[in-house]
Amino acid sequence: MTNKDLADVIFPHITKTVADYEAMYPQRNLKEGACVTRFAPSPTGFMHLGGFFQAIIDKLIVQNRDGIFYLRNEDTDQKREVEGATDLIMSTLNHYDILPNEYQFKEKIVGNYGPYIQSERKEIYQTFIKHFIEIGRAYPCFATKEELEELRSAQEKIKARTGYYGRYARYRNLPIEEAIKKIEAGESYVIRFKSMGDFEKKFKFMDEVRGLLYLPENDEDFVIMKSEGGLPTYHFAHLVDDVLMRTTHVVRGEEWLSSVPKHVELFETFGYPIPKYIHTPLIVKKEENSVRKLSKRKDPEATMQYYEENGYPKEAVIEYLMTIINSNYEQWHTENPDKKFLDFQFDPKKMSATGGALFDMDKLNNISKNSISKMTKEELLEESYAWASKYNEQLKEIIDQDRNYYRAILNIERESSKPRKDITTYSDILNNIWYMYDDLFEKEETYEFMKITDKEEIKKITKTYMDKYFSVEDDKETWFAKIKSLCDALGYASNMKEYKQNPEAYKGNVTDISTVLRVALTKKAQTPDLYEIMQILGKDKMIERFEKLS
RNA sequence: GGCCAGUUGGUGAAGUGGCUUAACACACUGCCCUUUCACGGCAGCAUUCACGAGUUCGAAUCUCGUACUGGUCACCA
């Protein structure tokens with residue numbers, strides 16, 4: 001009995017060879033220096049911020065060098081699989097313009113290196129596993145859960161390193177005859193890799209972010225194929241897929257760093273070149289006195305859905321993540337305002353290796369605010385309308401009522417060198433403009449009058465203003481000159497310096513008068529430019545609102 | 001506990017032996033501008049790079065030790 005017999009008993013249906021697959025998926029014909037990257041999420045029904053972060057890097061590496069960025073669906077854990085997960089991933093990548101070059105989606109395969117769904121690659125994995133068994137580098141293991149738990153507690157008791165390795169690898173040297181007998185008797189088993197490594201020895205490993213590392217060799221006989229379903233574990237799928245799909249750069253979270261010895265031994269056993277690894281910092285959150293990974297259960301901001309729903313412009317989300325990816329990005333972007341994020345030259349060496357970047361909502365909000373302030377009125381109209389159509393019916397209705405009116409409101413103090421920055425997200429817009437709409441204006445009950453609260457005085461100010469000083473034709477200078485005249489006429493100081501020198505001589509100053517007009521028209525003490533608001537409101541509406549006060 | 005990584009202001013960080021009396025951005029504070037707010041401008045915010053020792057004429061930058069933080073040790077990825 002030989003290993004070959006064992007392999008045939010386990011995989012009687014596998015007829016192809018490793019060489020067949022190597023031929024089917026030949027070396028890619030790429031330009032000099034072009035890279036192949038992948039985004040390989042497991043379909044859990046969420047698009048995690050951390051995964052998205054990696055997808056940006058994947059895209060960045062490939063961009064401008066005619067490389068290939070592909071999406072691979074890692075669905076080997078059927079227990080966790082969620083229906084429609086790929087839809088969500090694709091739509092998120094699409095929303096942010098980082099679509100892959102190759103993918104498999106809705107029965108459609110784009111690219112010659114598929115299938116890109118792991119559960120459809122079972123035969124391929126099994127071919128490789130079969131080969132491993134034949135060459136004596138993999139074997140069936142019949143250890144039960146209980147057996148493994150016992151092993152673990154025994155190891156803990158004598159303070160040995162836990163795990164299935166060396167002399168603890170109970171089924172490693174099981175005679176082939178016995179193994180076959182057990183299999184034929186229908187016993188449950190997994191396939192384990194037979195490691196030849198020595199934990200006491202170190203090897204050199206080049207991490208693209210951290211530089212040269214010395215890691216201990218792997219000596220664990222880890223599982224490469226699960227008992228149910230015959231699907232591989234991550235480690236083995238990583239080997240097979242990234243070899244056959246000809247991946248050159250693996251971008252993944254730094255939680256994988258400690259599995260590197262396993263992967264290196266796997267690649268070396270086959271004699272395949274090891275891809276370059278970019279282990280990215282995790283995005284973490286502060287809690288009490290510790291930090292932890294963003295969790296989709298506890299932190300809504302951990303999923304990409306959050307940013308879409310709350311109306312963050314996509315450029316803002318990208319820009320924020322870019323500042324974490326390479327902190328010189330912000331500077332680069334201010335120096336190259338017309339370039340897109342994909343033009344940026346990503347350098348893994350410049351990425352922080354600090355083991356965790358604290359998620360900073362303040363920073364994101366600031367970026368978002370700036371990004372909205374730079375939009376033209378037309379852009380903001382389109383973007384906010386698209387957002388409202390999905391997430392805010394009230395805003396959508398308002399826009400539908402009168403697009404021109406809405407556009408005019410958005411344009412207040414916009415499209416200038418120093419635009420306003422008071423809208424953080426699209427979901428913020430309504431809070432900032434409601435008073436321009438009669439029904440919303442009616443609903444608000446309180447007027448935020450400040451210094452002048454006397455009804456008669458307010459009435460006098462508004463009436464005098466409308467009767468003698470207001471004209472729609474005035475430009476801004478004339479308009480303000482008239483406000484000043486109004487001040488003078490009613491005993492308020494039009495000149496702030498004079499007022500400050502002798503406040504007793506006046507009833508108040510131009511600020512007080514402006515505030516009265518502002519609050520009377522908007523109910524709010526703080527609004528954008530009053531002149532523009534009056535222009536948009538128009539004379540009739542102004543009179544109407546002033547009269548409501550009596 | 002073993003192994004691995006990391007440790008520069010409240011936050012993201014620049015920095016790779018002298019150009020650093022530690023960049024930039026966010027946050028915060030104060031002042032100025034101003035019809036309110038937002039914007040903008042100016043200034044302040046780490047005498048010091050976790051701590052200790054060593055190498056060196058010279059260290060945030062190199063070496064060692066300690067402490068702390070994080071990751072990992074699954075038939076999850």
Side-chain angles (χ1 to χ4, degrees), chain A residues 40-42 44 51 74-77 79-80 141 143 145 148 152 155-156 159-164 188-192 199 205 207 209-210 213-216 220 222-229 231-235 237-238 252-261 279 281-282 284 286 290-293 320 323-324 326-331 334 349-350 352-367 369 373 413 416-423 432 448 450 480 483-484 487 494 496 509-515 517-519 522 524-531:
Chain A
S42 42
T44 55
E74 306 233 329
D75 63 343
T76 56
D77 186 12
K79 281 167 243 146
R80 295 211 305 181
C141 166
K145 260 211 163 80
L148 292 170
R152 188 188 172 80
Q155 286 170 327
E156 276 169 2
K159 293 200 163 126
R161 194 155 48 84
T162 57
Y164 198 93
S188 171
Y189 63 92
V190 297
I191 305 292
R192 286 183 184 270
F199 186 75
F205 172 72
D207 180 74
V209 177
R210 268 151 275 254
L213 263 32
Y214 290 85
L215 303 177
E220 274 185 71
F222 54 91
V223 174
I224 57 176
M225 191 184 93
K226 305 171 193 179
S227 60
E228 301 290 321
L231 284 169
T233 57
Y234 171 87
H235 307 300
H238 165 45
R252 39 139 82 148
E254 73 168 12
E255 71 266 29
W256 289 109
L257 204 51
S258 46
S259 312
V260 162
H279 289 104
L282 270 16
V284 297
K286 206 169 214 143
S290 67
V291 287
R292 44 154 245 262
K293 244 163 100 169
Y320 172 62
T323 64
I324 299 181
N326 272 185
S327 79
N328 56 333
Y329 176 76
E330 254 182 304
Q331 233 163 319
T334 37
K349 293 255 162 11
K350 284 210 177 282
S352 164
T354 51
L358 261 195
F359 184 80
D360 188 348
M361 195 58 103
D362 282 333
K363 180 79 179 176
L364 204 219
N365 285 338
N366 177 272
I367 290 173
K369 205 195 280 182
S373 80
E413 293 180 72
S416 69
S417 56
K418 289 178 188 173
R420 286 193 75 74
K421 295 187 179 176
D422 48 5
I423 300 173
N432 283 280
E448 295 177 344
M450 307 294 280
F480 191 55
I483 297 272
K484 285 186 166 178
C487 289
S494 60
M496 282 308 279
N509 60 53
V510 68
T511 304
D512 302 320
I513 293 289
S514 301
T515 301
L517 295 173
R518 169 175 285 112
V519 178
T522 66
K524 287 182 57 165
Q526 295 160 2
T527 73
D529 187 66
L530 189 54
Y531 169 76

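Here is how names work: the chains are called A, B, and so on, in the same order as the sequence lines, proteins then strands, and each is numbered from 1.
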Legend entry - Conformer about C1'-N of B:G71 - syn within 90° of 0, anti elsewhere: anti
Legend entry - Nucleotide paired to B:G44 in any strand shown, Watson-Crick or G-U, under 3.5 Å: B:C28
Inset, instruction - Describe the nucleic acid contact of A:Pro419 in one word from base, sugar-phosphate, nothing, applying a heavy-atom distance below 4.0 Å. - result: sugar-phosphate
Inset, instruction - Have a look at A:Leu215 and say if it touches a base, only the backbone sugar-phosphate, or nothing, with a 4.0 Å heavy-atom cut-off. - result: sugar-phosphate
Inset, instruction - Find which nucleotide of RNA chain B each of A:Glu413 and A:Lys484 is nearest to by heavy atoms, and output the residue with the more 5' nucleotide. - result: A:Lys484
Every protein N/O within reach of nucleotides 72-77 of chain B N/O, cut-off under 3.5 Å:
residue : atom : partner  : partner atom : Å
B:U72   : O4'  : A:Ser258 : OG           : 3.0
B:U72   : O2'  : A:Ser258 : OG           : 3.4
B:A74   : OP2  : A:Arg152 : NH1          : 2.9
B:C75   : O2   : A:Ser227 : N            : 2.9
B:C75   : O2   : A:Ser227 : OG           : 2.9
B:C75   : N3   : A:Ser227 : OG           : 2.9
B:C76   : OP2  : A:Lys226 : NZ           : 3.1
B:C76   : O2'  : A:Asp77  : OD2          : 3.1
B:A77   : OP1  : A:Thr76  : OG1          : 2.8
B:A77   : OP1  : A:Lys226 : NZ           : 2.4
B:A77   : OP2  : A:Tyr234 : N            : 3.3
B:A77   : O3'  : A:Glu74  : OE1          : 2.6
B:A77   : O2'  : A:Ser42  : OG           : 3.3

Inset, instruction - Please state the C1' separation for the pair B:C28 and B:G65 - nearest whole angstrom. - result: 38 Å
Inset, instruction - Quote, to the nearest angstrom, the C1' distance that separates B:U7 from B:G52. - result: 15 Å
Shorter than 3.5 Å, N or O on both sides, protein versus nucleotides 12-14 of chain B: list them out with atom names.
residue : atom : partner  : partner atom : Å
B:A13   : OP1  : A:Ser352 : OG           : 3.1
B:A13   : O3'  : A:Ser327 : OG           : 3.3
B:A13   : O2'  : A:Ser327 : OG           : 2.4
B:A14   : OP1  : A:Lys350 : O            : 3.4

Inset, instruction - Could you check how far CD of A:Glu156 sits from P of B:G1, rounded to whole Å? - result: 13 Å
Inset, instruction - May I have the distance from A:Lys369 (atom NZ) to B:A27 (atom C1'), rounded to whole angstrom? - result: 11 Å
Inset, instruction - For the pair A:Gln155 (side chain) and A:Gly163 (backbone), establish whether a donor and an acceptor sit closer than 3.5 Å, ignoring hydrogens and angles. - result: yes
Legend entry - Whole-angstrom distance between B:A50 and B:U69, as gauged at atom C1': 11 Å
Inset, instruction - Consider the side chain of A:Lys421, meaning its heavy atoms from C-beta on, and name the nucleotide among B:A38, B:C3, B:U36 that approaches it most closely. - result: B:A38
Inset, instruction - Among the candidates B:G70, B:C39, B:U35, find the nucleotide nearest to the side-chain atoms of A:Thr511. - result: B:U35
Inset, instruction - Would you mind classifying the nucleic acid contact of A:Asp512 as base, sugar-phosphate or nothing, using non-hydrogen atoms under 4.0 angstrom? - result: nothing
Report, one pair per line, the protein and nucleotides 28-34 of chain B atoms (nitrogen or oxygen only) whose separation is under 3.5 Å.
none

Inset, instruction - Determine the contact category for A:Ala353: base if any of its heavy atoms lies under 4.0 Å from a base atom, sugar-phosphate if only primed atoms, P, OP1 or OP2 are that close, otherwise nothing. - result: sugar-phosphate
Inset, instruction - Starting at atom CD of A:Glu254, determine the distance to atom C1' of B:U69, rounded to an integer number of angstrom. - result: 11 Å
Inset, instruction - Just call it for A:Arg420: base, sugar-phosphate, or nothing, with non-hydrogen atoms closer than 4.0 Å on any strand. - result: base
Inset, instruction - Using the C1' atoms only, state how far B:G30 lies from B:G70, rounded to an integer number of Å. - result: 38 Å
Inset, instruction - Look at the side-chain N and O atoms of A:Asn366 and state whether any lies under 4.0 Å from the OP1 or OP2 oxygen of B:A25. - result: no
Legend entry - Integer-rounded Å distance: B:C3 C1' and A:Arg161 CZ: 8 Å
Inset, instruction - Examine distances only and state if a side-chain atom of A:Asn326 and a backbone atom of A:Asn328 form a donor-acceptor pair shorter than 3.5 Å. - result: no
Legend entry - Pairing nucleotide - B:A22, Watson-Crick or G-U, each distance under 3.5 Å: none
